[in-house]
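Shown next, in structure tokens, is the structure this report addresses.
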Number of protein chains: 2
Amino acid sequence: MAANLLSRYPWVSSPFLVSAPMRVMSGPALAVAVSRAGGLGFIGPGAKTQDTSDDLEEASSLLRQAANTISNTGSALPIGVGYQLWADDINIAVAGIEKYKPCAAWLYAPRRGPQDFDDWSSQIRHVSPETQIWIQIGTLKEAKQLLQSVQRPDVVVIQGAEAGGHGRAKDGMGLMALLPEVADAMASSRIPLFAAGGIADGRGVAAAMCLGASGAVMGTRFLAASEARISRGYQNEVVRASDGAVSTTRTLLYNHLRGTIGWPEEYSPRTIFNRSFIEQQEGKSFEELKKLHDEAIKAGDKGWGPEGRLATYAGAAIGLIHEVKRAGDIVHDVREDALNRIGRLRPHKI
Amino acid sequence: MAANLLSRYPWVSSPFLVSAPMRVMSGPALAVAVSRAGGLGFIGPGAKTQDTSDDLEEASSLLRQAANTISNTGSALPIGVGYQLWADDINIAVAGIEKYKPCAAWLYAPRRGPQDFDDWSSQIRHVSPETQIWIQIGTLKEAKQLLQSVQRPDVVVIQGAEAGGHGRAKDGMGLMALLPEVADAMASSRIPLFAAGGIADGRGVAAAMCLGASGAVMGTRFLAASEARISRGYQNEVVRASDGAVSTTRTLLYNHLRGTIGWPEEYSPRTIFNRSFIEQQEGKSFEELKKLHDEAIKAGDKGWGPEGRLATYAGAAIGLIHEVKRAGDIVHDVREDALNRIGRLRPHKI
């Protein structure tokens, strides 16, 4: 299965590492850098769907410039693109995919459940058969629904409760228990599974593969990549923060402060919390929090941090991230670390 | 480090598997069966501390009968014993350890935090230097406190939020993110770490070792061992239930229905929920729930299951447990599975 998977992404080295399609922050520079290093980089959803198509245009241009640094790209563009189905415009998305032919489209957060996945998959495959369909889920129930779907995904991403940004609001679970149970339920389908959530170094990658994943997705780790499209204050906070169990939480507060409404109710984002959340817990009114939040925006990079007020979506593995690095170095270092971990556990050594 | 660890438990085979000291349910028969299979079995806390000493007496007797089936036991009894520090009587516990010399004492849930760990460790070591001190924690904060402790533990067990029974009420986290961060914080101490929570087969064991553990602890998996001291109805429910993310929850309700009060507020148990919890959510009064609960006790094994009302403490990995097996077979099968998983991931194969 792993060999078959790699044949679709011939420039990727084992273990198969992926940068998650984080909204806005996973831009063309990050995605291209990850793929150039032998991973698979995804462009994230944009503030509006057309932005994603513009990002695909820029990525295409970057990839043409880097043509001789990625071998064996096949007929598709060696980067992927992600959409939030509840918010993105399917027609604009499909037109972008038809034009730029990314190797993978990552579909997440449907408004209508399996029906939306089928609609998107069908339209994408119609205009770009070389684009593989990746679907992100976070529960056993969704896994079972996918097995009934008309449009079978090419890859399923299992997101554990440790993940940053939007994940399951109430029915999430850590990858340690979730991934093997989903893997058992999906075993007969032979669809490759990727693990996401709480993975930020080679230990997590190696562990995910032991649990049954064919590859591993990292999001938060790439927020601290030099190529991430992120404010310096936000990035500094990802590097500074530790102890994700107590310094992050799932809350809709920051969505609301930013004016983001409409996420299906199954989802809620994990964020490093700061003054906004603490003062909400203390009883401060939303109106006052919103006023202070909007003033903090004007403060720029100082708007983040323990005394800040701005959204700092990040996963529970923030305590494993200690510096900003180039995305290519992250891919290389994590891959080498994972291989070393696995090598050290070889039966004759334990 | 692993080699040094194994020298203290010379009958144990790699990977190092442990049966958790589950209250009452981890009795002498289970602990001895696990150690006979090359793992390390723990007797759990009893309804009162003297019960644990009685269990040690029985285990000693079983081990004498099985003397030629465990080689290399060293000077200590080749099983461990666990205590809940807030509830157990230190004098009775220490007298039992002095008399029976278990190879390990597992300390958990202190009322006064690090001070209790130090007091217990000091007294145990005074009467039985061959008894190693295992301390269970679930947070980075506790790990940092242990580094400051006078009585350095011999082994630290990191319990992830997936775990069944009592764990951290509010500041828990999945092992995928928690374990590597704690491992980094404790690296300089060179204290071996064991992983607990959500591990029920070879995949979890292999993953835990990739994350930095020297061995893995399973609790719920051994609730479905033939030697567990558990009601048939409870055990059937562990086998039946699946999808731990939605079929288990943390709640104090079942403690209160059983009359168990006094756990330090940091802790709350994960349980498969049933009518008692559902009807509490629907607004039924505690008095009425208690009356129905006590009637369900009289119904015996029918008191468990989706329509039951009795406490069914279990971890999030219940969906990986499909049959009751002998404890020795569990140890053998999980060990072989873990070795196969690791072998299949060897660098030249991925």
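A, B, ... follow the sequence lines: proteins, then strands. Residue 1 opens every chain.
- Judged by a 6.0 Å distance limit and a 45° cone about the ring axis, Arg168(A) is positioned over the six-membered ring of Tyr267(A).
- In plain terms, the two heavy atoms of Leu40(A) and Ser35(A) that are nearest each other are CA-OG, 3.7 Å.
- Contacts between Leu178(B) and chain A at a heavy-atom distance below 4.5 Å are absent for every atom of the residue.
- Ser242(A) touches chain B through backbone and side chain together, each having a heavy atom under 4.5 Å away.
- Crowding of Gln145(B) atom CD: a count of heavy atoms from other residues, nucleotides or ligands under 6.0 Å exceeding 12.
- A side-chain donor-acceptor contact under 3.5 Å links Asp201(B) to the backbone of Gly204(B).
- Ranked by heavy-atom pairs under 4.5 Å with chain A, the first of Ser13(B), Ala317(B), Ala206(B), Ala161(B) is Ala206(B).
- Heavy atoms of Leu211(A) lying under 4.5 Å from chain B belong to its backbone as well as its side chain.
- Heavy atoms closer than 4.5 Å to chain B are found in both the backbone and the side chain of Ala316(A).
- Counting heavy-atom pairs closer than 4.5 Å to chain B, the top residue among Ala185(A), Gly174(A), Cys210(A) is Cys210(A).
- Counting heavy-atom pairs under 4.5 Å between each of Gly160(B), Gly198(B), Gly172(B) and chain A puts Gly198(B) at the top.
- Remark: Ile330(A) CD1 to Arg221(A) CZ distance equals 4.0 Å, nearest 0.5 Å.
- Within a 6.0 Å sphere centred on NZ of Lys141(A), heavy atoms belonging to other residues, nucleotides or ligands number 12 at most.
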